[in-house]
J.: 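Here it is, the structure, as structure tokens.
No hydrogens, no waters, no symmetry mates; every other heavy atom, side chains included, goes into these values. Because the structure is a prediction, the values reported are computed rather than measured. Here is how names work: the chains are called A, B, and so on, in the same order as the sequence lines, proteins then strands, and each is numbered from 1.
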Protein chains: 2
Amino acid sequence: MHETKERIVGATADLFRHQGYNGTAVKQIVESAGAPFASLYHFFPGGKEELGAETVRWSGAIYGQLLDVFFQGGDLVTETETFFAAAADTVRDSDYVEGCPIATVALEVATTSEVLRVATAEVFEDWISRAAVRFVDGGVEPDDARPLAIAIISLLEGAFVLARAMRDESHLQAAGAAASLAVRDALKRGAKARRDAKAARRRA
Amino acid sequence: MHETKERIVGATADLFRHQGYNGTAVKQIVESAGAPFASLYHFFPGGKEELGAETVRWSGAIYGQLLDVFFQGGDLVTETETFFAAAADTVRDSDYVEGCPIATVALEVATTSEVLRVATAEVFEDWISRAAVRFVDGGVEPDDARPLAIAIISLLEGAFVLARAMRDESHLQAAGAAASLAVRDALKRGAKARRDAKAARRRA
DNA sequence: GTCTATAGAAGGATAGAC
DNA sequence: GTCTATCCTTCTATAGAC
């Protein structure tokens, strides 16, 4: 990607995460990116909406990689707890400015811009299916993996809302405990399913 | 409350839930409320921000009553599942327009308006403590009640984000299942604590 | 690809009559 | 408390030179 274009997207991602889509002005973006105003419309002929969609997909991909960083096929329970602890640290250390780069925009545009809604939906779908794969690797039954991924991501997103509004990281800890419980439950079911399958094979 | 003022707040609440704070223009509000433009500044000398704060508190109180409707001291697990099922119905029946009236605004203003942030924080605190009381009534240990309430509300908020963005109610079902699990776990701990206390009394 | 300037619409807010 | 008109700012977007 062109250097200036990348700076613009990066600056936009920061601003979206802090203020959302409607709260971020195009002028503020180019200023923050140190980019010429005309460059924005050169790289994004579709204007703010096109830039917004690309930014959503870009930061969605960046954050999606975090799932790969935290879930590496070790103990799923520990990894889940570490994941939420890291989120708690981030939100606190940023003085409750940093949260999810997608959620604010997603809620703002869900009913007002189909282009942007689709972009946020694709990011969430990527996160969910990516997490589900990791969970299966970790011992969760395939049928349980997607609902579990949805629950984990919902807990994270919801806790970010509470934590940022109330300026209190403990919400992410409470959500992390619930996530840990959900993972343990899914692993228990996975272990039972494998035992049952083994017993069935023995009978056959 | 004065009739016109109430109409303005009600219309603002609808618009906030659908488009958020920054996405809603004051002109749109008075138009939607069928109210004279000047009335807005008569009732809310502080302008959009004051109106926004009052709207957040008003719809927060309305939605808080839903907790009392769904959690009436019956079986907590059933009540939790009914609560999430109702949320799923609402979001689907509204064609994924209706979600939480606070979350969008909360994320938008968390770092840009202290007045509005405090309003959203107070609503969330009300919801959490209100739910925690209900959970204790239902058999959850006092120390477990608040974290459980935070987890339940996080699940609901996060699932609303996913459901609206992806136009799929199943996320609320997955979140509801996790909520149900968390409640069952808390009830198990509550029952055990009561057994232990009983045994301790017997020994004494 | 970048510059300056500006159009044109929409935003929040106010004045002053009634 | 409500009416109409309007101010000023900010916003997105474009024009046209370089």
J.: Nearest heavy atom decides the nucleotide; on that basis, is Y21(A) or A35(B) closer to the 5' end of DNA chain D?
T.: A35(B)
J.: I'd like to know if the side chain of Q19(A) pairs up with that of T111(B) as donor and acceptor (distance under 3.5 Å, no hydrogens or angles considered).
T.: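 Result is no, nothing qualifies.
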J.: Measure OH/Y41(A) against C1'/dG1(C) and give the value in whole Å, please.
T.: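 Checked: the OH to C1' distance equals 17 Å.
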J.: What is the separation between atom CG on L40(B) and atom P on dA13(C), rounded to the nearest whole Å?
T.: 9 Å
J.: Ignoring backbone atoms, test whether T4(B) places a side-chain nitrogen or oxygen under 4.0 Å from the OP1 or OP2 oxygen of dT2(D).
T.: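 For T4(B), the contact criterion (side-chain N or O under 4.0 Å from OP1 or OP2 of dT2(D)) is met.
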J.: Please state how far atom CG in L15(B) lies from atom P in dG11(C), giving the value in whole angstrom units.
T.: 12 Å
J.: Is R146(B) paired with E125(B) through a side-chain N to carboxylate O contact shorter than 4.0 Å?
T.: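 So E125(B) pairs with R146(B) through a salt bridge.
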J.: Examine the side chains of E98(A) and T90(A) and answer whether a donor and an acceptor come within less than 3.5 Å of each other.
T.: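 T90(A) and E98(A) do not have a side-chain donor-acceptor pair below 3.5 Å.
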J.: Find which nucleotide of DNA chain C each of P36(A) and G46(B) is nearest to by heavy atoms, and output the residue with the more 5' nucleotide.
T.: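 Result: P36(A).
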J.: Could you state the atom-to-atom distance from CD1 of I8(A) to P of dT12(D) in whole Å?
T.: 14 Å
J.: Is the distance from OP1 or OP2 of dG1(D) to the nearest side-chain N or O of S39(B) less than 4.0 Å?
T.: no
J.: Do R57(B) and E54(B) sit within salt-bridge range, that is, some charged N less than 4.0 Å from a carboxylate O?
T.: no
J.: What integer distance in Å separates K48(A):NZ from dC11(D):C1'?
T.: 8 Å
J.: Between V26(A) and F43(B), who's closer to the 5' end of DNA chain D by nearest nucleotide?
T.: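 Closest to the 5' end, via its nearest nucleotide, is F43(B).
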J.: Is A25(B) touching bases, backbone alone, or none of the nucleic acid, heavy atoms closer than 4.0 Å?
T.: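 Answer is sugar-phosphate: A25(B) comes under 4.0 Å of backbone atoms only.
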J.: Below 4.0 angstrom, N of the basic side chain to O of the carboxylate: do R134(B) and D68(B) qualify?
T.: yes
J.: Rounding to an integer number of Å, can you tell me how far F37(A) CZ sits from dG16(D) P?
T.: 17 Å
J.: What's the NZ-C1' distance between K27(A) and dG11(C), to the nearest Å?
T.: 13 Å
J.: For N22(B) and dT9(D), what is the distance between atoms CG and P respectively, to the nearest whole Å?
T.: 21 Å
